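One structure is given below, encoded as structure tokens.
We're numbering straight along the sequence, starting at 1. From a predicted model like this one, the values you see are computed outputs, not experimental measurements.
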Amino acid sequence: MSPHVLILGGTAEARRLATELSGCPGVRVTTSLAGRVARPGSLVGEVRIGGFGGAAGLAGWLREHRVDALVDATHPFAETITANAAGAARATGIPSVVLRRPGWRPRPGDDWHPVPSLPAAAAALSRFGPRVLLTTGRLGLSAFAHLSDRHFVVRSVEPPEPPMPRHTEVLLARGPFTVADETALLQGKLIDVLVTKDSGGAATAAKLTAARELALPVVVVRRPPLPDGVTAVPDVAGVLERLGLGPA
């Protein structure tokens, strides 16, 4: 019987993994998307959309669909999904692996201010000027909603959901962006401070370079820890090695 691999997540790494696994002889690939993005990009292999109903629901789906291996390739900040995946893997005994691109590292000239959470990022803003570029995603704006003395420029792929700060300017745009793009945005909007999650990867790193070159402070929200006993691999090759698979 062909091995069945379930990939959780629509990240760039998940897409690359689906493509690589589809090239492995006899491997069946299903990628599960949460459904929060209205127009997800194309994926190789089977695709399902929607939640599972927690760890127990995911465990049931793994059994019902005869999944042989589970790969959590969700966003580094998808804390609940990662916990559910770990619980489902324990409950079923199915081999699992977490795929996480490495986080960013500060470089000479960076003025980074690491914080553990979005509420901590909001609290840190009192130390900087009033104009904020917020690139933490459309679902976390409630952490900043009480700040009426700041002007927020919020960049998002899709319209953000309330509650959000009183003074919010929304820019709907999909990356990747160049350093020139980010420099023009920071200068054009008179930004005093950038707020970002440590998503890692090159696709969204240009804003960090632009902030460094403009000597702007960056509030960086650190990643949540992985569940106890769970470790991550940094790339698709590591997943293939962990699962004992590889391209033909």
Is it the case that one hydrophobic cluster holds both Leu243 and Val27, taking links as side-chain heavy atoms less than 4.5 Å apart, direct or via other members? yes
As an exercise, state the distance from CG of Leu6 to OG of Ser32, rounded to the nearest 0.5 Å. 6.0 Å
Got a salt bridge between Arg100 and Asp72, using NZ or NE/NH1/NH2 to carboxylate O under 4.0 Å? yes
Heavy-atom distance under 4.5 Å between the side chains of Leu8 and Leu33, does that happen here? no
Going through the checks in order, is the side-chain contact (heavy atoms from CB on, under 4.5 Å) test met by Phe144 and Leu118? CA-CA 8 Å; Phe144 304 88; Leu118 289 176; 4.1 Å; yes
Ser148 and Arg166: side-chain donor and acceptor closer than 3.5 Å? no
Taken to the nearest 0.5 Å, the spacing of Thr74 OG1 from Ile81 CD1 works out to 5.5 Å
Backbone N or O of Leu226 within a donor-acceptor pair of the Arg223 side chain at under 3.5 Å? no
Over 60° means perpendicular and under 30° means parallel, so classify the ring planes of His4 and Trp61, tilted if in between. tilted
Grouping I, L, V, M, F, W and Y whenever their side-chain heavy atoms are under 4.5 Å apart, do Val239 and Val98 come out in a common cluster? no
List the atom of Ala85, the atom of Leu70, and the distance in Å for their closest heavy-atom pair. O-CD2, 3.7 Å
Kindly compute the distance separating CG (Leu208) from CD (Glu182), expressed to the nearest 0.5 Å. 9.0 Å
Apply side-chain contact (heavy atoms from CB on, under 4.5 Å) to the pair Val233 and Arg242, showing each step before the final yes or no. CA-CA 9 Å; Val233 297; Arg242 183 79 68 88; 3.1 Å; yes
Are Leu43 and Arg15 packed together at the side-chain level, in the sense that at least one heavy-atom pair is separated by less than 4.5 angstrom? yes
Looking at side-chain heavy atoms only, is the closest gap between Val132 and Asp192 below 4.5 Å? no
Taking the cut-offs as 6.0 angstrom to the six-membered ring centre and 45 degrees off its axis, would you call Arg174 and Phe177 a cation-pi pair? no
Kindly give the heavy-atom pair with the smallest separation between Val218 and Ala211, and that separation in Å. CG2-CB, 3.7 Å
I need the Leu125 CG to Arg131 CZ distance, nearest 0.5 Å. 13.5 Å
Using the rule that Ile, Leu, Val, Met, Phe, Trp and Tyr join whenever any side-chain heavy atoms are under 4.5 Å apart, tell me whether Leu17 and Val5 fall into a single cluster. yes
Look at the side chain of Ser156 and the backbone N and O of Pro159, then say whether any donor-acceptor pair between them is shorter than 3.5 Å. no
Where does the angle between the aromatic ring planes of Phe77 and His75 fall among parallel (under 30°), tilted (30 to 60°) and perpendicular (over 60°)? tilted
Report the C-alpha separation of Val179 and Glu213 in whole Å, then their side-chain angles, then the decisive distance to 0.1 Å, and conclude whether the side-chain contact (heavy atoms from CB on, under 4.5 Å) test is met. CA-CA 10 Å; Val179 174; Glu213 293 177 351; 3.9 Å; yes
If every non-hydrogen atom of Pro76 is compared with every non-hydrogen atom of Arg101, which pair is closest and at what distance? CD-NH2, 4.4 Å
Does one hydrophobic cluster hold both Leu190 and Val153, with members joined at side-chain heavy-atom distances below 4.5 Å? no
Heavy-atom check, side chain of Thr82 versus side chain of Thr80, under 4.5 Å: no
What is the minimum heavy-atom distance between Leu194 and Ile191, and which atoms define it? N-CG2, 4.5 Å
Side-chain heavy atoms of Trp104 within contact of Thr196, under 4.5 Å: yes
When you look at Thr135 and Arg155, which way does the side chain to side chain donor-acceptor pair (under 3.5 Å) test go after all the steps? CA-CA 6 Å; Thr135 62; Arg155 185 169 65 195; 5.4 Å; no
Please determine if Glu169 and Lys189 form a salt bridge, counting it only when a charged side-chain N lies under 4.0 Å from a carboxylate O. yes
Gap between atom CZ of Arg63 and atom CD1 of Ile94 - 0.5 Å precision: 7.5 Å
Non-hydrogen side-chain atoms of Arg150 and Leu147 separated by less than 4.5 Å: yes
Should Val220 and His113 count as side-chain neighbours, where that means a heavy-atom distance under 4.5 Å? no
Pair Thr209-Arg212, side-chain contact (heavy atoms from CB on, under 4.5 Å): steps then yes or no: CA-CA 5 Å; Thr209 302; Arg212 181 189 315 122; 3.8 Å; yes
Between Glu46 and Val29, is any pair of side-chain heavy atoms under 4.5 Å apart? no
Side-chain heavy atoms under 4.5 angstrom apart, residues restricted to Ile, Leu, Val, Met, Phe, Trp, Tyr: same cluster for Leu216 and Leu133? yes
Value for NE2 (His65) from CZ (Arg28), rounded to nearest 0.5 Å, stands at 8.0 Å
Atom of Thr11, atom of Ala73 and distance for their closest heavy-atom approach: OG1-O, 2.7 Å
Within the supplied structure, the quantity of interest is the number of heavy atoms (other residues, nucleotides, ligands) at a distance under 6.0 Å from Glu161 CD; does it exceed 12? yes
Nearest heavy-atom neighbours spanning Phe152 and Leu134: CD2-CD2, 4.0 Å
